[in-house]
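Scope of the values below: all heavy atoms of this structure, side chains included, with no hydrogens, waters or symmetry mates. Start at 1 and go down the list; that is how both ligands and their atoms are numbered.
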Amino acid sequence: MSPSILAPSETEQHQQVSAQLLHWIDQFKDAASQGKCADYIPALGKMNPHQLGVTVIGTDGTMITAGDCEALFTLQSISKVLSLVAVCMEYGIPYVLQRVDAEPTGDAFNSIIRLEMSKPGRPYNPMINAGAITVSSMLAGDSVAQKMDSLNKLFIQLIGTAPVLNEEVFESEWNTAHRNRALAYYLKDIGFLDGDVESALEVYLKQCALEVTTKDTALIGLILALDGYHPIRQEQVIPKDVARFTKSLMLTCGMYNASGKFAAFVGVPTKSGVSGGILSAVPPRYRSRDLPFADGCGIGIFSPSIDEVGNSVAGSLLLKEMAQQWDLSIF
Ligand code: DON
C-alpha cells in the first residue's frame, strides 16, 4: 500500500462506488426542499439549497468524489471538533473535562436551559454552543489572533493548509449572534469562560466561518477514523486518546438532538454544521471485507438545506444510504 496520493481512484470497485455515489446524489438532492438554509445567520440564508456533494477518502489515500464536492462552505459546528482536539492536545483530556462535560443533552444545539438547571453549570458537552464557546475561550494564546493561529496550526497538520475566513459569514453572524452572546456572558458569570467575553465569542464565530470543501472534511474524518494517524503523511498528528475522545463525543452529541437516531441508523461518529456540512469518521470493519472502505474512511458531505435540528437534509439521507449499503456502522 502506498498511501501517498490524494487522487481520484481508477480501480473497478472504486468506479462502482463512484457510480453509486452519483446515483444516490441524484436520488436525494431533491430532498433539500424538505428543509431550508440556516437563515438565522443571514449570509447562510443566501446559499443555493440544491447543492449536494460528497468526498470519501480511503486509508490508501484514494479519493472518490461526486456532485458539489468542491463547493466552499463554512465549517460552522464542525469546527467544534477541531477546537476540542486543539484544547485536548494543549491541556490533556482531564483538564478539559473540568471545564466542559461529555454528556449528551437531548436539547437544541443553542439551548441555554441546562446551564442554570445544574450546578455549577458546566456545559454538558463541547458539541453544543455553550460547550464550544467555553472550549474556544481555552484555545492557546492571549488574543483572538493567537487563538485562531493555534487552531490554524492544527488545520495545517491535518489538511496541509489554514482555511480562509469567510468575512461575510463571520460579520453576518457576529451582528446577529444574540443568543450566543447571551450564552457567552452567562458562561462568564458562572466561571466557565476564560478571558474577555467578546473575544471568546469572536474566536468561536471565526472558527465557525472558516471555509472548507468536502475534500478537507473527508481527510479530517479519515485521520480521526485512524485514531489520529495521518495516512498520507504517515504520522500520528492527533494523540490516540484525543482522537477517540473526540469520536465518542461526535457519536453521542455530534448530531445534536438527533444523535441517538444517528447512532442507531447510521452508526458512525459524525459531526454536522448548520451550513450543511457533515464530517464522518468510519473506522475499519472486519466483517465487511468485500464491501467498499472496509479498512475505514473519512466522509465529507455538503448540502446546505437543513432540518429543524440543524442537520443537512439531503446530506443525512446520503450518509444513511452509504452506511446501510456499505455496512459502515460501528455497532
Ligand atoms: O453558533 C451557531 O449557531 C453557528 N455558528 C453554528 C451552529 C451549528 O452549526 C449547529 N449545527 N448543526
Side-chain angles (χ1 to χ4, degrees), residues 35-47 49 73-84 100 104-112 115 123-137 148 151 163 165-187 193 197-198 200-212 217 249-262 266 269-280 300-316 319:
K36 65 175 181 120
C37 293
D39 54 10
Y40 79 95
I41 302 172
L44 295 188
K46 294 196 267 176
M47 288 191 296
F73 60 95
T74 53
L75 276 168
Q76 299 303 329
S77 283
I78 294 176
S79 69
K80 295 168 179 171
V81 169
L82 287 308
S83 52
L84 175 66
V100 56
T105 66
D107 300 325
F109 63 82
N110 54 5
S111 176
I112 203 162
L115 290 180
Y124 266 57
N125 69 70
M127 300 297 158
I128 53 169
N129 289 11
I133 295 169
T134 295
V135 167
S136 298
S137 80
M148 291 307 292
L151 197 57
L165 177 76
N166 182 321
E167 298 277 358
E168 187 197 350
V169 171
F170 166 68
E171 291 287 336
S172 168
E173 190 168 15
W174 177 256
N175 293 327
T176 53
H178 311 303
R179 183 179 279 255
N180 280 331
R181 197 163 262 113
L183 275 171
Y185 276 94
Y186 190 79
L187 286 164
L193 194 128
V197 184
E198 291 291 319
L201 191 67
E202 187 176 336
V203 173
Y204 168 70
L205 296 182
K206 282 190 166 161
Q207 72 178 55
C208 286
L210 295 174
E211 257 181 349
V212 294
T217 49
L249 283 160
M250 288 165 65
L251 187 83
T252 53
C253 314
M255 304 301 276
Y256 305 109
N257 32 340
S259 297
K261 283 192 249 341
F262 247 82
V266 178
T270 296
K271 183 77 203 81
S272 66
V274 285
S275 58
I278 297 179
L279 177 160
S280 296
I301 293 176
F302 166 59
S303 182
S305 172
I306 58 170
D307 61 20
E308 65 289 346
V309 172
N311 299 324
S312 169
V313 178
S316 301
L319 180 61

Check your understanding: Looking at Tyr256, which atoms of ligand 1 are within less than 4.0 Å of one of its heavy atoms?
Key -> 8 (C), 10 (C), 11 (N), 12 (N)

Check your understanding: Is it the side chain (CB and beyond), the backbone, both or neither of Arg179 that lies under 4.0 Å from ligand 1, heavy atoms counted?
Key -> neither

Point to revise | Under the salt bridge (Lys or Arg N to Asp or Glu O under 4.0 Å) test, residues paired with Lys46 that sit two or more places apart | key: Glu168

Exercise for review: Give a yes/no on ligand 1: does Asn129 have at least one heavy atom closer than 4.0 angstrom to it?
Suggested key: yes

Exercise for review: May I ask you to identify the nearest protein heavy atom to atom 3 (O) of ligand 1, giving residue, atom name and distance to one decimal place in Å?
Suggested key: Tyr40 OH, 2.5 Å

Study note, to complete from the structure: atom 5 (N) of ligand 1 has as its nearest protein heavy atom Gln76 OE1, 2.6 Å

Study note, to complete from the structure: Note: ligand 1 atoms sitting under 4.0 Å from heavy atoms of Cys208 are 5 (N)

Practice item. Give yes or no for whether the N/O distance cutoff of 3.5 Å, strictly under, is met between Val274 and ligand 1. Key: yes

Check your understanding: Taking distance alone, with no angle check, do Leu205 and ligand 1 share an N/O pair under 3.5 Å?
Key -> no

Review point. Taking the side chain as C-beta and beyond, is there a heavy-atom pair between Leu249 and Pro126 under 4.5 Å?
Key: yes

Check your understanding: Do Met127 and Thr252 have side-chain heavy atoms sitting under 4.5 Å apart?
Key -> no

Review point. Among protein heavy atoms, which sits nearest to atom 8 (C) of ligand 1, and what does the distance come to when rounded to 0.1 Å?
Key: Ser77 OG, 2.4 Å

Check your understanding: Do the rings of Phe302 and Phe73 sit parallel, tilted or perpendicular, given the 30° and 60° boundaries?
Key -> parallel

Point to revise | ligand 1 to Lys80 polar contact by distance, N or O atoms, under 3.5 Å | key: no

Review point. Near Ser272, which atoms of ligand 1 are under 4.0 Å from a heavy atom of that residue?
Key: 12 (N)

**Study point:** Non-hydrogen side-chain atoms of Leu279 and Met250 separated by less than 4.5 Å
**Key:** yes

Exercise for review: Considering only non-hydrogen protein atoms, determine which one is nearest to atom 2 (C) of ligand 1 and report residue, atom name and distance to 0.1 Å.
Suggested key: Glu173 OE2, 3.1 Å

Exercise for review: Using a 4.0 Å heavy-atom cut-off, say whether Asn180 meets ligand 1 through its side chain, its backbone, both or neither.
Suggested key: side chain

Exercise for review: Decide whether an N or O pair under 3.5 Å exists between Tyr204 and ligand 1.
Suggested key: yes

Point to revise | Side chain to side chain, Glu173 and Gln76, heavy atoms closer than 4.5 Å | key: yes

Practice item. Using side-chain contact (heavy atoms from CB on, under 4.5 Å) as the criterion, point out the one residue from Thr134, Asn129, Val197 that pairs with Leu183. Key: Asn129

Check your understanding: Can you tell if the side chain of Cys253 reaches within under 4.5 Å of the side chain of Thr105, non-hydrogen atoms only?
Key -> no

Check your understanding: Does Asn175 have any side chain to side chain donor-acceptor pair (under 3.5 Å) partners at least two apart in sequence or in another chain, and if so, which?
Key -> none

Study note, to complete from the structure: In ligand 1, the atoms that come under 4.0 Å of a heavy atom of Gly273 are 9 (O), 11 (N), 12 (N)

Review point. Is the closest side-chain heavy-atom distance between Tyr186 and Arg181 below 4.5 Å?
Key: no

